[in-house]
Q: 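Please read through the structure below; I'll follow up with questions.
Letters A, B, ... mirror the listed sequences (proteins, then strands); counts begin at 1. These numbers were taken from a predicted model, which means no experiment stands behind them.
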Amino acid sequence: MYFTLAWRNIWRNKRRSYITIASITFAVMLACAMRSVQLGSYERMIETAARFFTGYIQIHKNGYWEDKTIDNSFSYTEDLIEKVASVEGVIEVVPRIESFALASFEQKTKGTMVLGIDPEKEHKLTEVKDKLVEGEYLKSDDQSIMIAKGLADYLRVGIGDSVVLIGQGYHGTNAVGIYPVSGIMKFPVPEQNNSTIYLPLKEAQWLYATGDQLSSLSLVIDKANHVDRIVADIGKDVDLEAYEVMGWKDLMPELVQGIEIDNISSKVMIWILYIVIGFGMFGTFLMMTAERMYEFGVLLSIGMKRIKMQFVIFLEMALMASIGVVAGVMISLPFILYYHFHPIYFGGEMQAAIEDFGVEAAYYFSVQPSLFYNQAWAIFLMAGILSLYPLIVIHKLKPVKAMREN
Amino acid sequence: MSIIKATDITKTYNATAVPVHALNGINLEIEKGEFTAIVGPSGCGKTTLLNILGGLDHPTTGEVTLAGTNITTMQDGKLIDFRLKNIGFVFQAYNLIPVLTTQENVEFIMLLQKRPKQERDARALELLTQMGIADKAGQRPSQLSGGQQQRVAVARALASKPQFILADEPTANLDSHSTSSLLDIMAKMNKEEGATFVFSTHDQRVIDKARRMITLEDGQIISDEKR
């Protein structure tokens, strides 16, 4: 009967309850949508950076990450590859040479990142073949390059044009080569799109005079959330004096930090929203308490324990919060699901303006379960805190005073 | 043997600059099964006395003993429990729970006493039948007349088979027909259930029915007449 009592009490003043529930629903909807975009953007950033660029895990010669020069490369050995490939969750071991070079075509020159890759394995890691918008994908024995579209546009090169690469090779040698462009790729991240050149691994090793040396092994793994476990397992099998094994969070600390800072600011925004809604809820709880003082006095008189009255009041607030939360999630879910599968892409000036900040001009929506239940917890926490007021009022209630003052 | 005993009760309100002495040295004993009316003009202290006898308010000095238990020094939680088990209240404004049906209102005290559902249902229906409102069992208080609501309030007060029923001006809002009918019911309950009834009232019809009349004036008992 306590549940019945609480439920019916909610609907004593229908209009007020509807307004309160609607405000909770609106807050949950807004918070879910905001968090979905936020988390979707983070997921996309991580995916773009880790999944499509560095890989979730990399192995280098110890010290490479502190001093990223071609001199800090290491020998390709079957033994190392086998050890890494045998770790549970590792699907592919992808070798790379990474260095820098000036790329020139006619009167234009630009600093670029040059990646020497095994084309087939690289595709398994970063799906780079799908980024090709013109020309052909590299073969392992090609003596040509693939160039990112932004860079190609800057240099004004097209398929078949030859680009000169000038850089520093292994132990100070000159790295100079001239390569025809066989393919142009378009990347979503502006920084990558404006500066990347791919060469077949063997050609890059020749350009930089590294012999069979590599700068990194990037790993294709089964699940992104297995990173920490796989890093730990590899650490047991390989010599950590000679090699460093790094997960994506270590590889991109700036990204992690940027996400954390942005995440905090977005949480602050959501809490401000909740506080505003909280005042509305508090108003309702205040009125519900004030207009029932007489009734509380009567209930206390006839022998209802304070704890039971407090339980009924708490139940009323929990029920209202639950209805609001469920309605908010139910309304926002189809919207979020739709945009999860159909991200919003910006075009025109908006795209250019957003890309100037170095991020992709699109809204991605996350469907992480936590973004929904975290809103529920936030509302329940707030309802719990706000319900302290009527609970304290009931705790201090004197039956005669309560009945007389009404 | 007295079931209600009030000794040297005083009650002073200090809310204003000048203290108000609502009760001034009340000594009172009520026997089991009595049908007692506390009468007097407005402001004489009837409701205050009833509240103190029912453990709803504390006297400034003196003590109240109900069925051998001194309730004056009882802790809040224990006092609530004591009221639940021993005292039935009937208020002037009925004070039913508006969101519960007639039957649920009567059952409510038994629910607080953790009585089984079957027993609750049976007792509630028995009382509503005795009150002549069994056909209103599924209706909410707002759908009942004042007289019917007060009968539900009496049924609620009797539901837990308390030792005493304290009724504060129970007929103040009722018409003469409803008053007469309610008084008959209460007299019947007094006789059949053996409950001790104490009313505060200035309604002559209630006074006429009472077998004992205690008259208050300025917070003091000025007469105590048994009939």
Side-chain angles (χ1 to χ4, degrees), chain A residues 1-18 284 287-317 319-320 323 390-406, chain B residues 11 13 15 22 47-52 54-58 76-101 103-115 117 120-121 124 140-142 153 156-157 159-160 162 165-166 168:
Chain A
M1 196 186 282
Y2 296 126
F3 183 86
T4 309
L5 188 58
W7 178 254
R8 290 183 193 167
N9 276 334
I10 291 174
W11 305 112
R12 284 165 90 155
N13 188 330
K14 285 195 178 72
R15 190 179 299 175
R16 190 177 59 207
S17 295
Y18 280 134
T284 301
M287 282 188 278
M288 279 171 73
T289 309
E291 72 188 14
R292 282 160 63 190
M293 289 299 280
Y294 189 90
E295 189 178 314
F296 293 152
V298 171
L299 290 171
L300 206 54
S301 302
I302 65 174
M304 188 171 189
K305 286 189 175 154
R306 291 175 201 271
I307 187 80
K308 286 183 178 166
M309 284 166 63
Q310 287 167 326
F311 173 69
V312 172
I313 296 294
F314 183 77
L315 212 53
E316 287 171 28
M317 297 183 181
L319 277 170
M320 275 207 284
I323 296 168
L391 301 190
I392 291 168
V393 166
I394 290 170
H395 181 72
K396 291 182 172 174
L397 197 75
K398 302 277 181 218
V400 172
K401 192 165 177 241
M403 290 191 283
R404 188 185 297 140
E405 284 181 357
N406 275 266
Chain B
K11 180 70 182 177
Y13 294 107
T47 300
T48 304
L49 177 59
L50 215 59
N51 287 338
I52 288 173
L56 299 180
D57 204 358
H58 290 284
D76 181 65
K78 285 185 179 169
L79 191 55
I80 292 172
D81 214 33
F82 185 85
R83 285 201 298 265
L84 176 66
K85 287 174 184 160
N86 297 287
I87 309 172
F89 288 95
V90 179
F91 301 93
Q92 181 179 336
Y94 328 131
N95 297 335
L96 300 174
I97 301 168
V99 294
L100 297 183
T101 63
Q103 182 171 341
E104 287 166 342
N105 263 289
V106 178
E107 279 186 35
F108 192 69
I109 286 185
M110 292 186 279
L111 174 82
L112 297 177
Q113 291 179 325
K114 297 177 184 166
R115 302 260 188 94
K117 171 90 176 109
R120 294 199 315 251
D121 285 346
R140 299 252 179 117
S142 59
R156 178 178 69 181
S160 60
I165 311 282
L166 302 180
D168 185 15

Q: Let's go through Leu299(A) and Ile97(B) carefully: what are the C-alpha distance in whole Å and the side-chain angles of both, what is the deciding distance for side-chain contact (heavy atoms from CB on, under 4.5 Å) to 0.1 Å, and is it a yes or a no?
A: CA-CA 9 Å; Leu299(A) 290 171; Ile97(B) 301 168; 3.5 Å; yes
Q: Around atom CZ of Phe311(A), are there more than 12 heavy atoms from other residues, nucleotides or ligands closer than 6.0 Å?
A: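 At most 12 heavy atoms, drawn from other residues, nucleotides or ligands, come within 6.0 Å of this atom.
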Q: Does the side chain of Val99(B) come within less than 4.5 Å of Trp7(A)'s, by heavy atoms?
A: no
Q: Does the distance from a Lys or Arg side-chain N to an Asp or Glu carboxylate O, for Arg306(A) and Asp76(B), drop under 4.0 Å?
A: yes
Q: State, yes or no, whether a side-chain contact exists between Val298(A) and Leu96(B) at a heavy-atom distance under 4.5 Å.
A: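 Heavy-atom side-chain distance check fails, nothing below 4.5 Å.
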Q: Identify, with sequence neighbours excluded, every residue that meets ring-ring contact (aromatic ring centres under 6.0 Å, His included) alongside Phe296(A).
A: none
Q: Would you mind checking which part of Ile307(A) comes under 4.5 Å of any heavy atom in chain B, side chain (CB onward), backbone (N, CA, C, O), both or neither?
A: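 Neither part, no heavy atoms under 4.5 Å.
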Q: Indicate yes or no: at least one non-hydrogen side-chain atom of Ile302(A) is less than 4.5 angstrom from one of Phe108(B).
A: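 Yes. Closest side-chain heavy atoms under 4.5 Å.
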Q: Just wondering, more than 12 heavy atoms not from Phe82(B) lying within 6.0 Å of its CZ?
A: yes
Q: Using heavy-atom distances under 4.5 Å, tell me whether Leu79(B) contacts chain A through its side chain, its backbone, both, or neither.
A: neither
Q: For Lys308(A), which atoms come within 4.5 Å of any heavy atom of chain B: side chain, backbone, both, or neither?
A: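 Looking at Lys308(A), just its side chain touches chain B.
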Q: Please tell me if the side chains of Arg83(B) and Met304(A) come closer than 4.5 Å, counting only heavy atoms from C-beta onward.
A: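 No, their side chains stay 4.5 Å or more apart.
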Q: How long is the straight-line distance from OG1 of Thr101(B) back to CZ of Arg8(A), given to the nearest 0.5 Å?
A: 6.0 Å
Q: About how many Å separate CG of Leu5(A) and CD of Glu104(B), when rounded to the nearest 0.5 Å?
A: 9.0 Å
Q: Distance check, rounded to the nearest 0.5 Å: Asp57(B) atom CG versus Ser301(A) atom OG?
A: 10.5 Å
Q: Could you give the distance from CG (Leu300(A)) to CG (Leu84(B)), rounded to the nearest 0.5 Å?
A: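 It comes to 11.5 Å.
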Q: Please report the interatomic distance CE(Met309(A)) to CD1(Ile80(B)), rounded to the nearest 0.5 Å.
A: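 Met309(A) atom CE to Ile80(B) atom CD1 measures 8.5 Å (nearest 0.5 Å).
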Q: Look up atom NZ in Lys305(A) and atom CG in Leu112(B), then write down how far apart they are to the nearest 0.5 Å.
A: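 Going from NZ on Lys305(A) over to CG on Leu112(B), the span is 9.5 Å.
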Q: Name the member of Asp81(B), Asn51(B), Leu56(B) that forms the most heavy-atom pairs with chain A at distances under 4.5 Å.
A: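 Result: the option with the highest number of such pairs is Leu56(B).
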Q: Check the pair Glu295(A) / Asn95(B) against side-chain contact (heavy atoms from CB on, under 4.5 Å), numbers first and verdict last.
A: CA-CA 7 Å; Glu295(A) 189 178 314; Asn95(B) 297 335; over 6 Å; no
